[in-house]
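Just below is one structure, and these are the notes that go with it.
Please read these numbers as outputs of a predicted model, since none were measured by experiment. Just so you know, these numbers use all the heavy atoms, side chains as well, and skip hydrogens, waters and symmetry mates.
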Amino acid sequence: MILAAVTQRRVEVPGRGSRDCLNRAWPAFLAACGVLAAPVPGDPGLLDAWLERVRPEAVILSGGNAAPGGGQDDACPERDRLELALIRWAGAGNAPLLGVCRGAQMLNAAHGGGLRRLPGHTAVTHALSPLPGAATPAPLPAEVNSFHDYSILAGDLGRELKPLALGPDGAVEFFVHERLPLAGLLWHPERFSPFRPEDAALVRALLGGRA
């Protein structure tokens, strides 16, 4: 199995401080993809030593918390710093990286892209349309779920990022880096029950496994 570093959501518990949390669906979904999840500690100061010791073969930036430009509620600057460092580490040739929902927004922000609030993307399912001529690493599902208030349009994409699939309103749902093994999905493959084989095949392909 591929060993993947997976970032966690920061949650503040009144009277008990902060917690790093990972939806239990993530390890189960990744196991279905042939990937073993290794949750990343949320302290950026521990990251270099953790990476040196764990040596993950892939990186996943998971959902939760507001990304830069995505509103102030539930923002987490410390997580932003951690994930920016992971994006730099992966982009230096150390591992493929997949950003999911907030993780995709973070990957876009790291390359100078932006976000905008669009209606109709919270707790819904909608169609997914590959762009004409787009070469995807695995066949894409016909529809996806959506749990984000802020979206990315083609003009909002950062440097060297190219869209591969859009939603019905033109929002970018899947993009990749033009040169590096970095990709972003705006839907949550781990939140389908049962897990969908097309999502698993896509994630395997993006993380360096076989589709």
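When side chains are defined from C-beta on, Leu36 does not count as touching Leu30, because their heavy atoms never get closer than 4.5 Å. In this structure, the side chains of Val35 and Met1 stay at 4.5 Å or more apart for every pair of heavy atoms. Using a 4.5 Å heavy-atom threshold, the side chains of Pro39 and Asp20 count as separate. At a threshold of 4.5 Å between non-hydrogen side-chain atoms, the residues Gln105 and Leu186 count as touching. Leu164 places none of its side-chain heavy atoms less than 4.5 Å from the side chain of Phe175. In this structure the side chain of Leu98 reaches within 4.5 angstrom of the side chain of Val203, judged on heavy atoms. Side-chain contact check for Leu166 versus Phe174: every heavy-atom pair is 4.5 Å or farther apart. Side-chain contact between Pro56 and Trp89: present, with at least one pair of heavy atoms (C-beta onward) separated by less than 4.5 Å.
Using a 3.5 Å distance cut-off with no hydrogens or angles, the side chains of Thr7 and Glu83 do pair a donor with an acceptor. In this structure, a donor-acceptor pair under 3.5 Å is absent between the side chains of Asp169 and His126.
The pair Arg116-Asp156 meets the salt-bridge criterion, since a charged nitrogen lies less than 4.0 angstrom from a carboxylate oxygen. Remark: Arg204 does not engage Asp199 in a salt bridge, criterion side-chain N to carboxylate O under 4.0 Å. A salt bridge does not link Asp74 to Arg10: none of the charged nitrogens lies less than 4.0 Å from a carboxylate oxygen.
A distance-only check finds a donor-acceptor pair linking the side chain of Arg19 to the backbone of Arg16 [under 3.5 Å]. Counting only distance, with no hydrogens or angles, the side chain of Asn145 and the backbone of Trp187 share no donor-acceptor pair below 3.5 Å. Of the possible donor and acceptor atoms, one in the side chain of His177 sits under 3.5 Å from a partner among the backbone N and O of Arg179. Within the 3.5 Å criterion, the main-chain N or O of Gly114 finds a donor-acceptor partner in the side chain of Asn108. Put simply, the side chain of Arg79 gets close to the backbone of Gln8: a donor and an acceptor are under 3.5 Å apart.
Ser146 and His148 make their closest contact through OG-CE1, 3.2 Å (heavy atoms, listed as atom of the first residue, atom of the second, distance). Minimum interatomic distance between Leu202 and Leu185 (heavy atoms only, all atoms of both residues): CD2-CD2, 4.0 Å.
Val172 and Leu153 are not part of a single hydrophobic cluster, where members link through side-chain heavy atoms under 4.5 Å apart.
Applying side-chain contact (heavy atoms from CB on, under 4.5 Å) to Lys162 and the options Val176, Leu157, Leu131 leaves one that passes, Val176.
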Practice item. Show your working on side chain to side chain contact (heavy atoms under 4.5 Å, CB included) between Val100 and Leu61 and close with a plain yes or no. Key: CA-CA 6 Å; Val100 173; Leu61 308 182; over 6 Å; no

